[in-house]
Amino acid sequence: MSRLAQTEGLTDIQREILSTVRNFVDKEILPVATELEHRDEYPTAIVEGLKELGVFGLMIPEEYGGLGESLLTYALCVEEIARGWMSVSGIINTHFIVAYMLGRHGTAEQKEYFLPKMALGEIRGAFSMSEPGLGSDVSAITSKAVRDGDEYVLNGQKMWLTNGATSTLVAVLCRTGEPREGVAPHKTMTTFLVEKEPGFGEVRPGLTIPGKIEKMGYKGVDTTELIMDGLRIPADRVLGGTPDRGFYQMMDGVEVGRVNVAARGCGVARRAFELGIAYAQQRHTFGRPIAQHQAIQFKLAEMGTKVEAAHAMMVNAARKKDSGARNDLEAGMAKYLASEYCKEVVEDAFRIHGGYGFSKEYEIERLYREAPMLLIGEGTAEIQKMIIGRRLLEEYRTQD
C-alpha cells in the first residue's frame, strides 16, 4: 500500500470497506478503464460489480437497506474509485447526492419509496440545476413549475446532467414563483423528484433526453441535456413536500458533492503520481534512470507533497460535515486545492513521460484529459474562492 494519502483513526469496518473497494479497482477497473474510455463506453460490468459491493447504498441509512456509513467513508471510497477511472466515481456521485438529499430533506413516504431501491442500485439518481447560459448563477434559473390541482407542470431546459440517460430518478430544480419585491430569487425555487425511463429521446411524457454531449474527457459516463415541455409531476414529488425550499436543499447536496469532487481530485492525482514515479524508474537517459536526475526528483517531491496535502484537506472537510457542523469553508478549500493540485500533478506526470505521455497507449494521456473537468465541476475555482473569502470574512470580522 502507498505511504501517501493514508487516513488516521479509521475503524476496522472502514478499513475493510476501503480494502474491498481498492481490490475491486485494481482487478476490475484499472485493467479496462483506458480501453473503455477510448471507446466512450458505459462501464456496465463495473457498475454491476459496485452494486454488488453495496457502494450505491454506502451512506443510505441501514433502516432503508444501506450501509449507513459516514461521508468520510464514502469520500475515501470515491478517492479509490477515481484512482481507477474518474468517470465511474461520477456515476456514483450524482446518485449519492440525490440519496443524501432524500435522506436529509425527503418526506417519510419519499424515503420509504426511493431509498431502499437506491441502496440496491435499482433506482439510479441524477440531479439537475444548471441551464444553458446559466453558469454558476443558480439563482437565475428560468425553468418553471406551475401548480395545476394536484400536479405541477414543468417547462424548461437543463444542462450538464451526469447520468442523464442511465438514471431513473432526477432531482430537478425549478422556479415555483415569480420574482417579487422583497423576496430573494432563491426563495422561489423547488426541487422535484422526477422518475423516468432510462435512455435517450422521450423518457416520459413531456420529458426528453436529447442525446449524449461529446466531451474531451470524462467519457463513458453519459452527460446530457434535459428538456421539459409540459411535464406533469404529482405534488407529492416535491422534495420534502413543501415548495420554495429547493435552493437550500440543492446547496446542501452540492456541499457534500464538493467533498466528492475533492476526493476525485485526490484519486486522480494519486494515480498520476504512481504512474510518474514508476516511469521515472524505468526510463533511462545518459546511462541511468531519470529518477536519479535531480530535476525529476524535485518534480516527484512536489507531486507527492501535493497528493498528501489535498488528501488531508479532503478528509478534514468530510469529518467536519460528519460532525454536523457547517463545512462550506472546508469543502470549498478542499475542492479548490484538490482540483488545482490534481491538474498540476497530472501535468508533471505527463512531462515525466516525455513524448510517450502524448500517446494513447499510455494511461497518463487519459488522466491529462480527465483532470480539467475537476476545475469546473461543482463550481469553478473562482466560485470556491468567493465562498472561501466570504466565510473567512465572517470568521475574522473586525469590530467597527
Side-chain angles (χ1 to χ4, degrees), residues 1-8 15 18-38 46 76-89 217 219 262-315 337-375:
M1 183 185 297
S2 166
R3 179 172 179 174
L4 293 180
Q6 296 301 297
T7 310
E8 297 296 325
R15 284 193 289 268
L18 283 175
S19 176
T20 301
V21 171
R22 187 179 301 115
N23 289 336
F24 182 86
V25 168
D26 288 340
K27 294 178 181 178
E28 306 296 336
I29 298 182
L30 278 171
V32 300
T34 297
E35 180 183 351
L36 291 175
E37 197 271 348
H38 286 171
I46 292 173
L76 294 174
C77 287
V78 166
E79 182 180 24
E80 293 294 340
I81 293 168
R83 173 180 159 266
W85 184 12
M86 193 182 75
S87 292
V88 178
S89 64
K219 294 180 179 290
R264 282 194 258 179
C266 291
V268 174
R270 180 146 58 94
R271 183 58 181 167
F273 174 81
E274 290 171 357
L275 294 172
I277 198 167
Y279 185 82
Q281 296 172 78
Q282 297 163 7
R283 171 70 168 163
H284 285 68
T285 62
F286 305 102
R288 56 179 176 168
I290 63 173
Q292 293 184 15
H293 296 298
Q294 190 179 65
I296 299 299
Q297 291 177 7
F298 283 0
K299 279 191 184 299
L300 294 173
E302 292 170 1
M303 293 161 67
T305 302
K306 289 173 181 177
V307 167
E308 188 75 0
H311 176 84
M313 291 200 73
M314 179 271 291
V315 168
L337 191 79
S339 58
E340 294 291 335
Y341 276 180
C342 175
K343 172 185 70 76
E344 294 170 10
V345 172
V346 168
E347 182 170 340
D348 279 342
F350 175 84
R351 290 173 183 269
I352 287 172
H353 279 74
Y356 289 106
F358 209 61
S359 168
K360 287 198 170 187
E361 295 181 16
Y362 283 75
E363 188 180 341
I364 191 63
E365 181 271 343
R366 169 170 63 83
L367 271 58
Y368 195 76
R369 288 183 290 102
E370 289 177 340
M373 196 286 290
L374 298 171
L375 299 173

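Just the heavy atoms: all of them, side chains too, but no hydrogens, waters or symmetry mates, feed the values below.
- Annotation: side chain to side chain contact (heavy atoms under 4.5 Å, CB included) contacts of Tyr362 (sequence neighbours excluded): Tyr279, His353, Tyr356, Ser359, Ile364.
- Between Ala371 and Cys342, the shortest heavy-atom distance links the atoms CB-SG, 4.1 Å.
- Checked against ring pair (Phe, Tyr, Trp, His ring centres under 6.0 Å), Phe298 has no partners two or more places apart in sequence or in another chain.
- A 6.0 Å sphere centred on CZ of Arg351 holds no more than 12 heavy atoms belonging to other residues, nucleotides or ligands.
- Applying the salt bridge (Lys or Arg N to Asp or Glu O under 4.0 Å) test to every pair with at least one member in residues 293-314, sequence neighbours left out, gives these pairs: Lys299-Asp348, Lys306-Glu344.
- Between the Thr305 side chain and the Ala301 main chain, a donor and an acceptor come within less than 3.5 Å of each other.
- With sequence neighbours excluded, the residues satisfying side chain to side chain contact (heavy atoms under 4.5 Å, CB included) with His38 are Thr34, Lys360, Glu365, Arg369.
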(request) Take His311 and Arg270, measure what side-chain contact (heavy atoms from CB on, under 4.5 Å) needs, and give me the verdict at the end. (result) CA-CA 9 Å; His311 176 84; Arg270 180 146 58 94; over 6 Å; no
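- With sequence neighbours excluded, the residues that form a side chain to side chain contact (heavy atoms under 4.5 Å, CB included) with Phe24 are Glu28, Ile29, Ile46, Leu50, Leu53.
- Identified under the salt bridge (Lys or Arg N to Asp or Glu O under 4.0 Å) test for residues 273-285, with sequence neighbours left out: Arg83-Glu274, Arg271-Glu274.
- Residues forming a salt bridge (charged side-chain N to carboxylate O under 4.0 Å, His left out) with Glu8 (at least two apart in sequence, or on another chain): none.
- Of all heavy-atom pairs spanning Ala82 and Val268, the tightest one is O-CG2, 3.9 Å.
- For the residue pair Ala309 and Tyr341, the shortest heavy atom distance occurs at CB-CE1, 4.1 Å.
- Glu370 is linked by a side chain to side chain donor-acceptor pair (under 3.5 Å) to Trp85, Arg366, counting only residues two or more places apart in sequence or in another chain.
- When all heavy atoms of Ala263 and Val78 are compared, the closest pair comes out as CB-CG1, 3.9 Å.
- Pairing each heavy atom of Gly84 with each of Val25, the nearest pair is CA-CG1, 3.6 Å.
- Listed by chain and number, the residues in a side chain to side chain contact (heavy atoms under 4.5 Å, CB included) with Ala338 are Ala262, Cys266, Ala310 (sequence neighbours excluded).
- Not a single donor-acceptor pair under 3.5 Å links the side chain of Glu80 to the backbone N or O of Leu76.
- Under the 4.0 Å criterion applied to side-chain N and carboxylate O atoms, Lys219 and Glu37 are not assigned as salt-bridge partners.
- Leu367 is listed as a side-chain neighbour of Leu275, based on a closest heavy-atom distance under 4.5 Å.
- In terms of heavy-atom proximity, Ile81 sits nearest to Ser89 at CG2-N, 3.7 Å.
- Under the 4.5 Å side-chain criterion, counting only non-hydrogen atoms from C-beta, Ile352 is in contact with Leu300.
- Tested against Leu374 for a side-chain contact (heavy atoms from CB on, under 4.5 Å), the candidates Met86, Lys343, Glu340 yield a single pass: Met86.
- Using modelled atom types, one side-chain atom of Gln297 and one backbone atom of Ala291 make a donor-acceptor pair closer than 3.5 Å.
- By the side chain to side chain donor-acceptor pair (under 3.5 Å) test, Thr285 pairs with His293, sequence neighbours left out.
- Evaluation of the side chain to side chain donor-acceptor pair (under 3.5 Å) rule for Gln294 yields no partner, not counting sequence neighbours.
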